[in-house]
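By convention in this document, chain letters (A, B, ...) are assigned in the order of the sequence lines, proteins followed by strands, and residues within each chain are numbered from 1.
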Amino acid sequence: MNYWLLKSEPTAYSIDDLARDGKTIWDGVRNYQARNFMRDQMKVGDLVFFYHSNAEPAGIAGIAKVSSKSYPDPSAFDQKDVHFDPKSKKENPVWYLIDVSFVKKLKEFLPLEKIKKIPGIESMLLIQKGSRLSVQPVSEKHWDLILEARS
DNA sequence: GCCAACGTTGGC
DNA sequence: GCCAACGTTGGC
């Protein structure tokens, strides 16, 4: 069991959208490091922090889970999609994704500002200067610290 | 809206 | 293979 953090701009897709839909496909990721995590390391049942980026405030809004194995991102094949990528062929896909299912919203939204103040959180990838990976691993220690910091 | 940090592209 | 230019991310 691994833990992850997925970033989404809530104006594009928020935790409330996921709560409504129950499940979504995490398409449109076009960063190789992020792809590798999804393609190679995510397992069904892994838990995920749902993070609102580019938001006021930014922070962790809820918990989701990985609900499929990785498979090719269909948006890369669709010429009309903003995420279309001619490099990705159906017989040799470049981009992969996983399905994500809703678990719950945090009782209280945890803003980035509060996350940064949690003792022991300093090494978390999310808060490293210049770090902007939209799919990133979270250590069990950091996962627990964040859940304890709630309320 | 600004802009620093980062990733990608493409000329050489 | 280098690196400048460009586009994007994301906090503020």
- Task: Take A:N31 and A:N54, find for each the nucleotide of DNA chain B with the closest heavy atom, and name the residue whose nucleotide sits nearer the 5' end.
- Result: A:N54

- Using a cut-off of strictly less than 4.0 Å, decide whether A:K7 has a side-chain nitrogen or oxygen near OP1 or OP2 of C:dT9. no

- Between A:W95 and A:F84, is the ring centre distance below 6.0 Å? no

- Nearest to the side chain of A:S134, which nucleotide is it out of C:dG11, B:dG7, C:dG10? C:dG10

- For A:L133 and B:dC6, what is the distance between atoms CG and P respectively, to the nearest whole Å? 11 Å

- Checking A:K7 side chain against A:L133 main chain: does a donor-acceptor pair fall under 3.5 Å? yes

- Item | Residue-phosphate contact under 4.0 Å: A:Y51 side-chain N/O, C:dT9 OP1/OP2 | no

- Picking from C:dG10, C:dC12, B:dT8, which would you name as closest to the side chain of A:Y32? B:dT8

- Could you tell me the separation between the CD atom of A:Q33 and the C1' atom of C:dT8, rounded to a whole number of Å? 16 Å

- Task: Check the pair A:S88 / A:R30 against side chain to side chain donor-acceptor pair (under 3.5 Å), numbers first and verdict last.
- Result: CA-CA 11 Å; A:S88 193; A:R30 296 293 178 268; over 6 Å; no

- Query: Between A:E56 (CD) and B:dG1 (P), how many Å, whole number?
  - Reply: 16 Å

- Task: Assert yes or no for the condition that the ring centre distance of A:W26 to A:F37 is strictly below 6.0 Å.
- Result: no

- Can you tell me the distance, in whole Å, between the CG atom of A:L112 and the P atom of C:dG10? 12 Å

- Item | Interatomic distance where CD belongs to A:Q128 and P belongs to B:dA4 [whole Å] | 20 Å

- If you pin A:K87 and A:R132 to their nearest nucleotides in DNA chain B, which one's is more 5'? A:R132

- Message: Without decimals, in angstroms, what is the distance between A:W95 CH2 and B:dG7 C1'?
- Response: 10 Å

- Can you check the A:Q136 CD to C:dT9 P distance for me, whole Å? 15 Å

- Item | A:H52 backbone acceptor or donor facing A:E9 side chain under 3.5 Å | no

- Integer-rounded Å distance: C:dT9 P and A:H52 NE2: 17 Å

- Task: Using a cut-off of strictly less than 4.0 Å, decide whether A:K129 has a side-chain nitrogen or oxygen near OP1 or OP2 of C:dG10.
- Result: no

